[in-house]
Amino acid sequence: MDKHYDAKAAEAKWYPFWEKNGCFHDEPGEGTPYSVVIPPPNVTGILHMGHALNQTIQDILVRWRRMQGKNTLWLPGTDHAGIATQNVVEKALKKEGKRRQDLGREAFLDRVWEWKKQYGGTIVHQQRMLGNSTDWSRERFTFDEGCSKAVIKVFKQLFDEGLVYKGNYIVNWCPRCGTALANDEVEHEPNHGHFWYVRYPVVGSEKGVKGEPYADYVMVATTRPETLPGDTAVAVNPKDERYAHLIGKTVILPLTGREIPVVADDYVDREFGTGIVKITPAHDPNDFLVGKRHNLAEINIMNGDGTMNELAGEKYVGMDRFKCREAIVADLEEGGFLDHIEDLDNQVGHCYRCHEVVESRLSKQWFVKMKPLAEPAIEAVRSGEVKFVPERWSKIYFNWMENIQDWCISRQLWWGHRIPAYYIRGNACEEGTANSELVFVAETKEEALEQAKAKSGNSALSLDDLVQDEDVLDTWFSSWLWPFSTLGWPENTKDLDYYYPTCDLVTAQDIIFFWVARMMMAGIHFMKKPPFKNIVIHGIVRDAQGRKMSKSLGNSLDPLELIDMYSADALRFSIALITSLDCDTKVNKEKFEIGRNFTTKIWNAARFLEMNTPAEGFGEIAGELTADEKHILLATDKACKKLEEILENYRIQDGALVVYDFFWTQICDWYVEYAKDAPDKNRAFAILRDVFYKALKLLHPYMPFVTEEVAHQLGYLKDGETIMREKFPAGYSEEEKAAWGHTEEVYDFVEKKREAITALRALRAEYKVTPATFVKVTVATDDARAAGEVESLKKAMRAESIEFVPAGSDLAMPSKMTAFGTVYLSLEGLVDKAAEAKRIAGELAKLAGFIKASEAKLSNENFVSHAPEAVVAEAKRKLQENKEKVAQLEKLAKLFA
RNA sequence: GGGCUAUUAGCUCAGUUGGUUAGAGCGCUUCCUUGACAUGGAAGAGGUCAGUGGUUCGAAUCCACUAUAGCCCACCA
């Protein structure tokens, strides 16, 4: 084996090998499968730390289950990401000086597909670098033929069930993207804004002159003066006696001269602002509702791109909304309507894609009624049929689901599933009225024509007379079908039958509502079964300061760079080790050294084993095993069982710790050191070889590349074989254990022996006896097994002699008490007496405290009678031990006096 | 306003149903390089478990309140 592990070579060798040889692929078969669908990344995306974390967790679970012998499917794919992808292609067009409108819908879509063909493979290529064992032969895309079919079918079914409707509603509108956004696509951020106090003269009052207040007016405070031309009322709280006299009166809308009523509505907060609110139903969601209650006109004064339209008034037409704000404020001031301006901190919504300030806009949109879908999805979690891991996320899920709002699913984009609704050309419905008889939803235009003929009674209609809705569906409208559309639904495929429902869904907390909750609803509604059994929620990767990683902050770590620097295994292992499901993960580059160092350790340990392997190999493990040999076998057994239990509970981090400690501490630090000087080297190494392979298999889900490479280097596997499909070690059988005669006692005995070795090393360090010096050691113990360990103790302690004396012997030498016995170091060198005396005095003081506390505890009748016997006995033993320590130290103190 | 979570060593975090003198990694200090590994080995220092009160024989762990930090939802025009 080479002195250095070449991670890049191993990665370049093994991934293609696995993929080509179908190692990631299973066919539907017998038994309970283990199936997982990947959260599809945006096709425009590049791999970031969030993906690395998310996919490492999944791959660990998937590789582990596969090695357990389960029929396993991890299904990969990408999301067509409507807005994001369209934006990317539009940007490219812009460089050519074109807009999508210049190309027209079809040519533009061709262009996007072309882009997808060329660049859409970036992220799936990058996912391979991580070592993901996803079944690429089943890779899907939310906009591929099958998924599109599923989307259309689902839309039609929901429409037929009355769960989809088209309505004139106020929606969140991104003027930059030119589309509606769902509520949860809007991010609210704090904003330092202003409150403009504006006077609305009461009709009939004396008109003021420039610069002077009107004699009688109502004072309205607004943060959005530019929407003033759209006002159709002002509102006060009905219980507000200050303004009771105004209700029913009419005021004049400044700048326009239009007369608008004063209405009373509970929505108005008496305490906030002036207690009088201008009502702009077309540009504010609350005002919209007030408008409905009072039957107010809705005046839309803005274009889709955020400029003002003719209804805003001649002067403002074409003006950008923020420019218009300045203009209107100036004009109000000019006209004497502006009373004063205050600073105000409020929240402003931004587009989650492009960060533009979102506008509330009245428009016709499609919605899904969510309440009926949410109810069974709540029940599925409440009943325990579907579990959240960690469980606490279910509370957040319930909280959201119980307050769920209808979902705006139409988007004014071109890149996406076009809504399969058709209208008769020229009919009013073309503009889209709510659930008209003349809206035809069908899977094909031909079917829509049949409906149209039947419903309109006009059998002369042709395909040319029908127009399709211009809008496309929200991207999440395809991803909520992901767990079954990717398995072939609506066709009745073998995959669907065998792999649905999936087992675990692993994702970050930030898309519980976007995605997880909606998948639950879709799965239950269309498949009659929840789409997965466990929802595993992990944290978000943050930088060292705890900030979310983002391009704009420039604090992102690039997983590919980390792979290049430290290897994929290092990235995976480190991220697994530092990640807790319970909270967000803070990372910096240095943390990935842990994984890199571990990889190196594995490689070097393998080299050691290889160097010590004779050409003819090791023989059978025969003869009477030493205590250390039994110990490592049992430690292996324990590690296997522990890891199994840990992974069953999704404790990825704990699992990483277990394999790390097992390999590094148990195998390398202790057993390898033992093996170097073992009485029967051949047997000791035969055991090491056996244990080492088990360790590689335990490590494989965490570190697939180095384990595969080492397993081949050491000849555990032949060419063409893979560790991926080896059986995950479950420990040793009872028969095996009986054969090598292990007992828990032997295990504990070796643990004690190690304690004695450590104690001796500590004594050396305290008394500055260099490791090179051979020392005389005395151990006070009654353990009959001790005599058998003389040779191994001498090696480990670098002792020229070891003498055993009965326990309780009282020698005037520095010592440490251990569970093995009291270890004495014979001091032959010079020692700083004063320093020793001081150290001993400190230790005595510490012990006196413990003794006092435990004596108090033991003389407490309540403790002795209530606490379990074992606890009391342990307390007594400890007290006795500490007393002995004191006696020993006092004796020693005299030596240094 | 509604909901959720966290606060343990200098840093990042473990700590299973309450039960030895609260652990790990990194960092720090001291020592150690002739053969698996300095990306290493050995040893060590470092914590009144945010605070207060309660339950208990016994609390980092359970309960209440307080403080601080963070997240989510809804939002004030």
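Note: hydrogens, waters and symmetry copies are ignored here, and every other heavy atom, side chains too, is used. Below, read A as the first sequence line, B as the second, and so on, with proteins coming before strands; counting in each chain starts at 1.
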[N] to [M] separation - [atom1] atoms, rounded to the nearest Å:
N      : M      : atom1 : value
G23(B) : U61(B) : C1'   : 15 Å
C11(B) : G53(B) : P     : 26 Å
C75(B) : G70(B) : P     : 23 Å
A60(B) : G51(B) : C1'   : 14 Å
U66(B) : A77(B) : P     : 29 Å
C13(B) : U20(B) : P     : 26 Å
C49(B) : U8(B)  : C1'   : 4 Å
A64(B) : C26(B) : C1'   : 38 Å

Ion pair [X]/[Y], N-O distance below 4.0 Å:
X         : Y         : result
Glu755(A) : Lys752(A) : no
Glu402(A) : Arg382(A) : yes
Lys278(A) : Asp287(A) : no

Report task. State which of U39(B), C72(B), G19(B) makes the closest approach to the side chain of Phe863(A). Result -> G19(B)
Requested in this report: Among the candidates C73(B), A77(B), U39(B), find the nucleotide nearest to the side-chain atoms of Trp400(A).
Outcome: C73(B)
What's [X] touching, base or sugar-phosphate or nothing? Going by heavy atoms closer than 4.0 Å.
X         : result
Phe598(A) : nothing
Gly349(A) : nothing
Ser865(A) : nothing

[X] [atom1] - [N] [atom2] separation (whole Å):
X         : N      : atom1 : atom2 : answer
Leu858(A) : G58(B) : CG    : P     : 14 Å
Asp269(A) : A77(B) : CG    : C1'   : 9 Å
Ile646(A) : G15(B) : CD1   : C1'   : 13 Å
Phe388(A) : C4(B)  : CZ    : C1'   : 13 Å
Ile540(A) : A6(B)  : CD1   : C1'   : 15 Å
Leu344(A) : C75(B) : CG    : C1'   : 13 Å
Tyr650(A) : U16(B) : OH    : C1'   : 18 Å
Arg761(A) : G41(B) : CZ    : P     : 12 Å

Query raised in the report: Taking the six-membered ring for Trp, are Tyr660(A) and Phe573(A) parallel (under 30°), tilted (30 to 60°) or perpendicular (over 60°)?
Result: parallel
Query raised in the report: Where does the angle between the aromatic ring planes of Phe663(A) and Phe598(A) fall among parallel (under 30°), tilted (30 to 60°) and perpendicular (over 60°)?
Result: perpendicular
Query raised in the report: Taking for each residue the nucleotide of RNA chain B with the nearest heavy atom, is it His866(A) or Gly275(A) whose nucleotide lies nearer the 5' end?
Result: His866(A)
Requested in this report: Flag the pair Tyr397(A) / Phe513(A) as yes when their ring centroid distance falls below 6.0 Å, and as no otherwise.
Outcome: no
Query - Within 6.0 angstrom of Glu645(A) CD, more than 12 heavy atoms from elsewhere - result: no
**Report entry** NZ or CZ of Arg798(A) within 45° of Phe774(A) ring axis and under 6.0 Å
**Finding:** yes
Query - Face-on cation placement of Lys395(A) at Phe388(A) ring, 6.0 Å and 45° thresholds - result: no
Requested in this report: Tell me, with the steps shown, if Arg607(A) and Glu610(A) meet salt bridge (Lys or Arg N to Asp or Glu O under 4.0 Å).
Outcome: CA-CA 5 Å; Arg607(A) 280 178 64 220; Glu610(A) 191 212 27; over 6 Å; no
Query - Worked check of ring-ring contact (aromatic ring centres under 6.0 Å, His included) between Phe608(A) and Phe692(A) - result: CA-CA 11 Å; Phe608(A) 172 78; Phe692(A) 201 94; 9.6 Å; no
Query raised in the report: Does Arg651(A) put a side-chain nitrogen or oxygen below 4.0 Å from OP1 or OP2 of G15(B)?
Result: yes
Report task. Ignoring backbone atoms, establish whether Lys395(A) has a side-chain N or O less than 4.0 Å from OP1 or OP2 of U5(B). Result -> yes
Report summary line: Readout for nucleotides 21-37 of chain B: B = base within 4.0 Å of protein heavy atom, S = sugar-phosphate only, - = neither; 5' to 3' it is B--SS----------BB
Query raised in the report: So what is the 5' to 3' dot-bracket string for RNA chain B, if pairs are Watson-Crick or G-U wobble with both distances under 3.5 Å, crossing pairs use [ ] and | means the partner sits on another strand?
Result: (((((((..((((.....[...)))).(((((.......))))).....(((((..]....))))))))))))....
